[in-house]
2 protein chains.
Amino acid sequence: MAAPQDDVDDIQKAWIRERPGTPVDSIGVITRIWRISKLLEDDRRRTMTRLGVDAAARHLLATLRRAGPPYALPPGEIARRCAVSPGAISQQLSRAEEQGLVRRHKAEGDGRSVVVELTPSGHDLIEHTVDELLSHEETLLSSLTPNQRTQLSDLLRVLLADLNARTPQS
Amino acid sequence: MAAPQDDVDDIQKAWIRERPGTPVDSIGVITRIWRISKLLEDDRRRTMTRLGVDAAARHLLATLRRAGPPYALPPGEIARRCAVSPGAISQQLSRAEEQGLVRRHKAEGDGRSVVVELTPSGHDLIEHTVDELLSHEETLLSSLTPNQRTQLSDLLRVLLADLNARTPQS
DNA sequence: TGGTGATAGTTTAGCTCTAAAGTAGAAAGT
DNA sequence: ACTTTCTACTTTAGAGCTAAACTATCACCA
């Protein structure tokens, strides 16, 4: 269980061998986070393709579903919650609207604002995929004990909070 | 320092509120890894843009540089080490070659194979950016104590090894 | 009331990626 | 030897994202 040396350790050792003095300390955390992130993303993409949705649309629908009744949010808020650019959300909304999963309409009161709401079809779709997706992803963490998962969550929470604070604004 | 509740905790609570029984256990790890990964990637993209290189080219050059003399690898091996598709590497190579950072030539012995080597200009470029980039990224982890970083690295190493083993093949 | 600047969304340009098709050389089986 | 299969790489089609330009509306205030 102790996990022997891996490719990432090799990268650190390679830099030290090639350029003694290279500041390699961050690699053990940052590179591993990227790799894990990529493996999880690829897995999620495959899972969602299998379930017949695309990953970005799922994220969108899940965000609206999670917001609770009336399952409606403005695009800017969705962008913020999904951590992607407003332009990306606008494009995602157009695609999802075309598939009949969401509907856009002008907000009352402010002529600039828009409200996006889940259609019954979009609600159904997320309802039928969320449990399957999350159950599957739980098995992906089965190499860690419950205690280790909590430890990991806690460390990541600290790091994420700091990075968020440090970020230009995004 | 204990890190209070964050957005990700809110996501878990929202699912539980909206759909009691939703299997939310994986969210604390997976969602945080994605968010951190994204923040780090965005930061790296900005840093590299500031230094006048693009992030993918930097990864390419770093991979060749780290391989040690003669700073040459076949495209397939680069793709494997950078964990992207062979097609992506082929395109990156074309761009980098156009900028004079690498050179492709046929391998001797096997007419299908290609060897990519760092040009002096590519070698210089990576040499002048790697320390700056890595030093900067070290500061991004300054919210964690050295001990916490080690803990985090170790947990991630276990998870990464398991996910690699579990992966279809890729 | 009319200008200045902020805010909400959308659109566009440019880039990069993946997946899949295409090209060409090497290996292997009969 | 010749066909099949495999392997290495490239190219193409299609998609998504970011950054930045653009449109429209609102808010403030002289």
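Considering only side-chain N and O atoms, A/R104 lies nowhere under 4.0 angstrom from the phosphate OP1 or OP2 of C/dA8. In this structure, B/R95 does not reach the C/dC15 phosphate: none of its side-chain N or O atoms is under 4.0 Å from OP1 or OP2. An OP1 or OP2 oxygen of D/dC17 is reached within less than 4.0 angstrom by a side-chain nitrogen or oxygen of A/Q92.
Ion pairing between a basic and an acidic side chain is recognised when a charged N comes within 4.0 Å of a carboxylate O; B/E41 and B/K38 show no such pairing. For the pair A/R81 and B/D7, the salt-bridge criterion is not met [side-chain N within less than 4.0 Å of a carboxylate O]. A salt bridge links B/R32 to B/D9: at least one charged side-chain nitrogen sits closer than 4.0 Å to a carboxylate oxygen.
A straight line from NZ of A/K106 to C1' of C/dT10 spans 11 Å, rounded to a whole angstrom. Atom-to-atom, CG of A/D110 to C1' of C/dG9 comes out at 11 Å; the value is rounded to the nearest Å. Here D/dG16 presents its C1' atom at 15 Å from NZ of A/K38, a figure rounded to the nearest Å. Taking atom NE2 on B/H59 and atom P on C/dT16, their separation rounds to 15 Å, with Å as the unit. Taking atom CD1 of A/I89 as the reference point, atom P of D/dA19 lies 14 Å away to the nearest angstrom. Computed from coordinates, the B/D42 CG to D/dT18 C1' distance equals 9 Å when rounded to whole Å. When rounded to the nearest whole Å, the span between CG of A/D54 and P of C/dA19 equals 14 Å. Rounding to whole angstrom units, CG of residue A/L93 and P of C/dT10 are separated by 7 Å.
Listed by chain and number, the residues in a side-chain contact (heavy atoms from CB on, under 4.5 Å) with B/T119 are B/R103, B/S121 (sequence neighbours excluded).
Looking at heavy-atom distances under 4.0 Å, B/A56 makes contact with sugar-phosphate atoms alone, never a base. Across all strands shown, A/S90 has heavy atoms under 4.0 Å from base atoms, whether or not it also approaches the sugar-phosphate.
Checking B/S94 against B/R104 by side-chain atom types alone, a donor-acceptor pair falls below 3.5 Å.
The nearest heavy atom of DNA chain C to A/S113 and to B/G111 marks one nucleotide each, and the one closer to the 5' end goes with A/S113. Summary of the strand contacts: A/R112 and A/Q91 both lie near DNA chain D, and taking for each the nucleotide with the nearest heavy atom, the more 5' one is attributed to A/Q91.
Listed here is the closest heavy atom pair of A/L144 and A/Q148: CA-OE1, 3.4 Å.
If you take OG on A/S135 and CG on A/L140, they are separated by 11.0 Å, rounding to the nearest 0.5 Å.
Residues from residues 66-86 of chain B that place a heavy atom under 4.0 Å from any atom of DNA chain C, listed by number: B/V84, B/S85.
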